[in-house]
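When reading the values below, keep in mind they use all heavy atoms of this one structure, side chains included, and skip hydrogens, waters and symmetry mates. For ligands, and for the atoms within them, numbers begin at 1 and follow the listed sequence.
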Amino acid sequence: MLTAGEKAWREKRLKEILKWEENSPYEDFIDPAKIWEILERKKNPDRQEILDIMAKARDNASSWAMLAPEEVAALANLKDPDLWEEIFETAFWIKNKVYGNRIVLFSPLYISSLCVNNCVYCGFRESNEFVEKKRLSLEQLDEEIRVLTEMGQKRLIVVYGEHPESDVAFMCQTIERIYSQKFGNGEIRRVNVNAPPLFKEEYEEIKKVGIGTYQVFQETYHPDTYRRLHPKGTLKGPFRWRLFALHRAQEAGIDDVALGVLFGLYDWRYELLGLLYHAQALEKEFGVGPHTISYPRLEPAVNTPFSVHSRFRVSDEDFKKLVAIIRLMCPYTGSILTAREPAPLRQELIRKGGVSQMDAGSQIAVGGYATLKRENIPDKQQFIIQDTRSIEEFIFDLCKEGYLPSFCTACYREGRTGENFMPLAKHATVKHFCIANGILTFQEYLLDYASPQLREIGEKEIIPRYLSWLEENLAPAAKRVRELLAKQKEGRRDCHL
Ligand code: SAM
Ligand code: SF4
């Protein structure tokens, strides 16, 4: 039950939100009838059409272009298993062309689960009394950061519910606190944010504390479904307020913004087109598309029947397809696969889906890292996660398959964000930075945090392999990386290009 104070805060804010919606300057870009018409028209794509789309997606990997809605619809409707294998190969090829064969690691950090909303699928919804809701004190936050830093993590996504106690002032205070901490040789160097939509002036405050990416998942691009799952009278109810959340962030100067759909709320094929129209709308308005796309899949949550019974739950087979299509659709965008998914599927999707960023060693209960438990704590979590590997185990599995684990945070700290970052990604040259900085940050991890076994495979196989790749492709960068690797061995840290 909300207190009178919480209710008053919600009502006041809702009024301001509805006023914004009334005066919103932006043109709608989601037309459900049109999306369904395209999906229907492209119901039975022929083989040649699919081959042409794959060829175009490969070309797009070194240009500015995304696929067209009709092309995405054709891929989403394809059934032929042989052609699907080719699409998976194409997804992997594109990912390597743009970013190289590295996986960027991050960890989620839930700072507050207090929430005045009532999203039907979420364990943290206000009316769910079976899940404990809490907010970290600054001292508890320090403890979480200590554990995360000592795990070797450098990059976080911090998560907040929507509540007067986790308003923009609290968000700024906690983000500043995170950046101020140092433990041993390590510190958190990039804080991305997953939080409710804000007003432009609030985003300006957030920008000042130096965040990386701002993520707002639309959850579903189907307005009727959206309204059913996000009750009227709550702050998440107004569809257009959320749809243009990242437009307002861009206006406020936050130029790395991130899209996402919660797959399982509505038809996955429809949602893919929703994501595409959203990416196009951002490109059109600001010349900068989404920095990343996430595709969380609905997971069970305590006392949340919808999370297990939704009729749109996505099978593993369809999930693999949608991840690969996102890679073909928007080649320059980072693609985030979370620990909601089981470990074997995650390993498979690196190869088949062209994934570029993954979380590792994740704990999603508020205060969960400090308890040092590996398992889920369901009555403290928003949902259950499937991949409970430690960061060390996760990295070991990446190395066994020849990938380069990366803790790189260089681009945004060197000003390669938004319109400065996009040309590098769009012309597939960012990978020279990705590989160089991946090698350096991986060595830093090996020196400070790895077990002897991991250090062996990292130093003997992975680093030499990627150094020779760099040597062949960009010899001056390889020379510089060798110099910095030597300096790191002498004790220097945070070396990057
Ligand atoms: N409260 C903020 C908001 O709603 O924008 C932060 C988001 S929430 C803490 C992070 C994301 O988790 C949501 O945007 C949603 O996509 C996802 N999520 C919620 N319930 C989920 C469930 N049962 N399974 C998987 N993901 C879920
Ligand atoms: Fe609150 Fe976000 Fe959960 Fe909705 S999804 S109930 S807004 S924490």
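- No side-chain heavy atom of R297 sits under 4.5 Å from any side-chain heavy atom of R313.
- In the vicinity of Y121, heavy-atom distances shorter than 4.0 Å reach the ligand 1 atoms 19 (C), 20 (N), 22 (C), 23 (N).
- Looking from atom 8 (S) of ligand 1 to the surrounding protein, the closest heavy atom is Q382 NE2, 3.1 Å.
- A salt bridge between K34 and E37 is absent, with no side-chain N of the basic residue lying under 4.0 Å from a carboxylate O of the acidic one.
- At least one heavy atom of R297 lies less than 4.0 angstrom from ligand 1.
- Between D359 and R346 there is a salt bridge, since at least one side-chain N of the basic residue sits less than 4.0 Å from a carboxylate O of the acidic one.
- In this structure, atom 24 (N) of ligand 1 lies nearest to the protein heavy atom E299 N, 2.9 Å.
- Atoms of ligand 1 lying under 4.0 Å from any heavy atom of K236, numbered from 1 in the order shown and given with element: 3 (C), 4 (O).
- Near V159, the atoms of ligand 1 lying under 4.0 angstrom from a non-hydrogen atom of the residue are 9 (C).
- Atom OH of Y26 has more than 12 heavy atoms from other residues, nucleotides or ligands within 6.0 Å.
- For ligand 1, the atoms closer than 4.0 angstrom to any heavy atom of Y160 are 1 (N), 2 (C), 6 (C).
- Ring orientation note: the planes of Y270 and Y266 are nearly perpendicular, at an angle over 60° on the 30°/60° scale.
- Under the 4.0 angstrom criterion for non-hydrogen atoms, E126 is not in contact with ligand 2.
- Here E187 pairs with K182 in a salt bridge; the nearest charged N to carboxylate O distance falls below 4.0 Å.
- For the pair D316 and K321, the salt-bridge criterion is not met [side-chain N within less than 4.0 Å of a carboxylate O].
- Remark: K42 does not engage E70 in a salt bridge, criterion side-chain N to carboxylate O under 4.0 Å.
- The shortest N or O to N or O distance between S307 and ligand 1 is not under 3.5 Å.
- Proximity to G161 (heavy-atom distance under 4.0 Å) selects the following atoms of ligand 1: 1 (N).
- Looking at F217 against ligand 1, only its side chain comes within 4.0 Å, counting heavy atoms.
- Of the residues listed (E401, K352, E341), the one engaging Q347 in a side chain to side chain donor-acceptor pair (under 3.5 Å) is E401, and it is the only one.
- Of all protein heavy atoms, the one closest to atom 13 (C) of ligand 1 is E219 OE2, 3.3 Å.
- Near F383, with a cut-off below 4.0 Å to any heavy atom, the atoms of ligand 1 are 21 (C), 22 (C), 23 (N), 24 (N), 25 (C), 26 (N), 27 (C).
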Taking only distance into account, with no hydrogens and no angle test, what donor-acceptor pairs under 3.5 Å do side-chain atoms of residues 169-176 form with protein atoms, sequence neighbours excluded?
unit_1: T174; atom_1: OG1; unit_2: Y160; atom_2: OH; d: 2.8
unit_1: T174; atom_1: OG1; unit_2: F170; atom_2: O; d: 2.7
unit_1: T174; atom_1: OG1; unit_2: M171; atom_2: O; d: 3.0

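- Taking only nitrogen or oxygen atoms, main chain and side chain alike, Y110 does not reach within less than 3.5 Å of ligand 1.
- Across H222 and E271, no two heavy atoms sit closer than the pair N-OE1, 4.3 Å.
- Where the criterion is an N or O separation shorter than 3.5 Å, residue side chain and backbone included, E162 fails it with respect to ligand 1.
- Looking at N194 next to ligand 1, no N or O pair under 3.5 Å apart turns up.
- Screening F29, F239, F199 for a ring pair (Phe, Tyr, Trp, His ring centres under 6.0 Å) with F244, the sole residue that qualifies is F29.
- Nearest heavy-atom pair across A370 and E144 is N-OE2, 2.7 Å.
- Ionic pairing of E348 and R351 is not present here: no N-O contact between side-chain nitrogen and carboxylate oxygen is shorter than 4.0 angstrom.
- Among protein heavy atoms, the minimum distance from atom 12 (O) of ligand 1 is reached at R340 NH2, 3.2 Å.
- Listing protein N, O or S atoms at distances below 2.8 Å from atom 4 (Fe) of ligand 2, with waters left out, gives C119 SG.
- Interface atoms of ligand 1 facing R242, defined by a heavy-atom separation under 4.0 Å, are 3 (C), 4 (O), 5 (O).
- Side chains of D142 and Q181: a donor on one and an acceptor on the other come within 3.5 Å.
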